[in-house]
Protein chains: 2
Amino acid sequence: MSTQAPAPTRREQILKEAARLFAERGFHGVGVDEIGAAVGISGPGLYRHFPGKEAMLAELLVGISGRLLTGGKRRAAEGEGAGRAPAEVLDSLIEGHIDFALDDRPLIILHDRELDRLRDTDRKLVRSLQRQYVELWVEVVREVYPRLAEAEARACVHAVFGLLNSTPHLGRPGALPGRAATAALLHRLALGAFEGAHGADGEPGSAEAGQAR
Amino acid sequence: MSTQAPAPTRREQILKEAARLFAERGFHGVGVDEIGAAVGISGPGLYRHFPGKEAMLAELLVGISGRLLTGGKRRAAEGEGAGRAPAEVLDSLIEGHIDFALDDRPLIILHDRELDRLRDTDRKLVRSLQRQYVELWVEVVREVYPRLAEAEARACVHAVFGLLNSTPHLGRPGALPGRAATAALLHRLALGAFEGAHGADGEPGSAEAGQAR
DNA sequence: CAGCGGGGTTAGTGGTCGTTAACCTGGTGG
DNA sequence: CCACCAGGTTAACGACCACTAACCCCGCTG
């Protein structure tokens with residue numbers, strides 16, 4: 001474990017504090033002086049590490065989107081390589097996303113809150129990564145719940161993301177017993193949501209309109 | 001229906017456009033000139049209607065928090081007055097929240113995104129309204145799913161709010177067939193989530209730790 | 001020991017933004 | 001006809017803020 005955290009570099013410190021501050025007060029609500037102060041240097045010293053304030057946000061958002069996607073891809077590949085059932089792969093995806101949501105709360109917040117503050121090129125990259133991540137989920141979900149049309153499945157995935165990403169809101173008094181219990185509860189909630197969506201098809205006549213691909 | 005929309009007053013126009021802009025670009029990302037331009041007047045003309053930019057945000061957030069709470073109270077009272085089962089009351093709460101989420105997307109976004117930009121007094125008021133709304137749900141949820149400890153139920157409610165409030169994210173191509181289908185899907189997702197949380201108690205030994213009150 | 005470059009510092013600088021001031025106008029009641 | 005007032009306008013002010021410039025220090029390496 002000592003190789004995992006070999007004294008964080010200054011860049012990493014800055015990114016971590018910037019993420020926290022951006023999540024707390026919004027991108028426009030935080031000044032570079034505050035970010036600098038949070039890591040012990042002051043103001044324009046940040047420009048020795050980043051070309052600008054927006055570059056920090058970009059790196060944060062690209063980073064988390066990329067890590068989510070690669071993590072998801074790895075889990076999907078593990079399931080496909082072995083003969084694992086799709087339901088197990090979905091379990092694994094859910095677990096991975098919960099880990100992110102619980103361990104990187106500020107990033108989860110930024111991830112769907114400050115995307116529009118990026119330059120076009122960065123924003124497109126992040127959106128592309130996010131879209132791939134969603135489509136990864138959609139494929140797995142449709143294997144597990146084949147009665148869901150593609151559009152329905154996508155809506156379900158977005159909704160479950162909203163559910164899993166709600167962790168920031170329940171952090172106030174450390175309400176839940178512990179991390180493991182919270183993770184287990186979120187897992188059950190997510191699975192239940194998919195089950196519920198799959199259960200009855202709601203209005204008949206709306207489902208078969210969505211062609212498979 | 002003509003009495004419902006008797007030509008929107010200027011104040012209402014301003015609030016509506018301000019909500020849209022705040023939701024799109026964040027409170028700090030929108031200038032008063034843009035808000036004014038969105039309603040056909042320009043810049044400081046807004047100060048004939050509001051004492052300042054923050055007052056607009058405050059009115060928006062207090063408004064939606066209040067409407068959510070009063071709507072929830074009404075639905076709970078209707079269920080209690082008649083001999084309705086708690087499950088029906090929960091259905092009604094879910095339906096009401098979905099209506100808000102689908103009809104007032106910008107406000108739903110602001111509601112959990114820009115709360116910290118308010119003055120202390122306003123923020124406390126909004127938080128109080130939000131807390132009462134959550135507690136209303138928690139009570140109903142615990143009647144329907146009595147095996148949930150209070151803290152668990154509260155976490156579930158927050159998570160389901162996250163789920164229902166995810167509607168902004170799926171709006172891109174009008175993915176789902178129509179409003180009714182989307183609402184039905186969200187309803188099934190929410191109910192399924194509660195069912196999933198209630199299903200197996202996860203780790204035994206963690207549940208009975210949470211005292212009822 | 002020279003030099004040099006990574007990583008700081010403080011002092012501007014230009015631009016944006018919320019807010020105020022001063023002024024205008026068209027309708028309305030006495 | 002006059003006073004007034006709700007609801008605008010433009011101009012300006014002051015604060016803030018991202019970013020740049022100029023300078024500095026110190027641990028290397030040759």
Side-chain angles (χ1 to χ4, degrees), chain A residues 6-62 106 110 113-123, chain B residues 6-62 106 110 113-123:
Chain A
T9 161
R10 178 74 2 139
R11 261 183 79 92
E12 290 165 344
Q13 283 183 48
I14 294 171
L15 284 174
K16 186 181 168 194
E17 294 302 311
R20 184 178 57 80
L21 289 167
F22 288 160
E24 278 175 11
R25 303 216 287 283
F27 179 69
H28 291 297
V30 180
V32 288
D33 292 1
E34 300 176 74
I35 303 174
V39 297
I41 73 183
S42 221
L46 297 171
Y47 288 78
R48 300 285 164 196
H49 303 272
F50 296 92
K53 183 182 163 192
E54 195 198 88
M56 304 179 206
L57 182 64
E59 186 156 333
L60 287 170
L61 293 186
V62 171
L110 292 181
R113 184 167 297 194
E114 306 285 353
L115 180 59
D116 298 318
R117 280 69 176 169
L118 260 47
R119 262 187 265 278
D120 269 26
T121 157
D122 292 325
R123 188 171 58 244
Chain B
T9 161
R10 179 72 5 138
R11 262 183 77 93
E12 289 164 345
Q13 284 183 48
I14 294 172
L15 285 175
K16 186 181 168 193
E17 294 302 312
R20 185 178 56 80
L21 290 167
F22 289 160
E24 279 175 11
R25 303 216 287 282
F27 179 69
H28 291 296
V30 180
V32 289
D33 291 2
E34 300 176 74
I35 303 174
V39 298
I41 74 183
S42 222
L46 296 171
Y47 287 75
R48 299 286 163 194
H49 303 273
F50 296 92
K53 185 183 164 192
E54 195 197 89
M56 302 179 208
L57 182 64
E59 186 156 332
L60 287 169
L61 293 186
V62 172
L110 293 182
R113 185 166 297 194
E114 307 284 353
L115 180 58
D116 298 317
R117 281 70 179 168
L118 260 48
R119 261 187 267 278
D120 268 26
T121 156
D122 292 325
R123 189 171 57 244

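Within every chain, numbering begins at 1; the chains are lettered A, B, ... in the order of the sequence lines, protein sequences first and strands thereafter. The basis for the numbers below is simple: all heavy atoms, side chains too, and nothing from hydrogens, waters or symmetry mates.
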Specify the closest pair of heavy atoms between B/Pro8 and B/Gln13, including all atoms of both residues, with the distance to one decimal.
O-NE2, 3.9 Å
Base, sugar-phosphate, or nothing: which does A/Gly52 touch, judged by heavy atoms less than 4.0 Å apart?
sugar-phosphate
Length of the CD1-C1' vector between B/Ile35 and D/dG8, whole Å
17 Å
Can you check the A/Asp33 CG to D/dT20 C1' distance for me, whole Å?
14 Å
Flag the pair A/Asp122 / A/Glu54 as yes when at least one side-chain heavy-atom distance between them is below 4.5 Å, and no otherwise.
yes
5'-most contact on DNA chain D: A/Phe27 or B/Arg10, nearest heavy atom basis?
B/Arg10
Taken to the nearest whole Å, NE2/A/His49 to P/D/dC19 is 16 Å
Side chains of B/Ile41 and B/Arg48, heavy atoms from C-beta outward: is any pair under 4.5 Å?
no
Nucleotides bounding contact with chain A, strand DNA chain C, heavy-atom threshold 4.0 Å
C/dG7 to C/dA11
Would you indicate what A/Gly31 reaches in the nucleic acid, counting non-hydrogen atoms under 4.0 angstrom: base, sugar-phosphate, or nothing?
sugar-phosphate
Is A/Lys53 close enough and on-axis enough to A/Phe22, meaning under 6.0 Å and within 45°, for cation-pi?
no
Should the heavy atoms of other residues, nucleotides or ligands under 6.0 Å from CZ of A/Arg11 be counted, would the total exceed 12?
yes
D/dT9 OP1/OP2 closer than 4.0 Å to side-chain N/O of B/Arg48:
no
For atom CD of B/Gln13 and atom P of D/dG7, their distance in whole Å:
12 Å
Measure the shortest side-chain to side-chain distance between B/Leu21 and B/Glu24 over non-hydrogen atoms and say whether it is less than 4.5 angstrom.
yes
If I take atom CD in residue A/Glu54 and atom P in nucleotide D/dA18, what distance separates them, rounded to the nearest angstrom?
12 Å
With heavy atoms under 4.0 Å as the rule, sort B/Val39 into base, sugar-phosphate or nothing.
nothing
note: B/Tyr47, atom OH; D/dT10, atom P; distance rounded to Å ~ 16 Å
Looking only at side-chain atoms of B/Pro44, point me to the closest of D/dG8, D/dA11, D/dA18.
D/dA11
Minimum-distance pair of heavy atoms, taken over all atoms of B/Leu115 and B/Leu61
CA-CD1, 3.9 Å
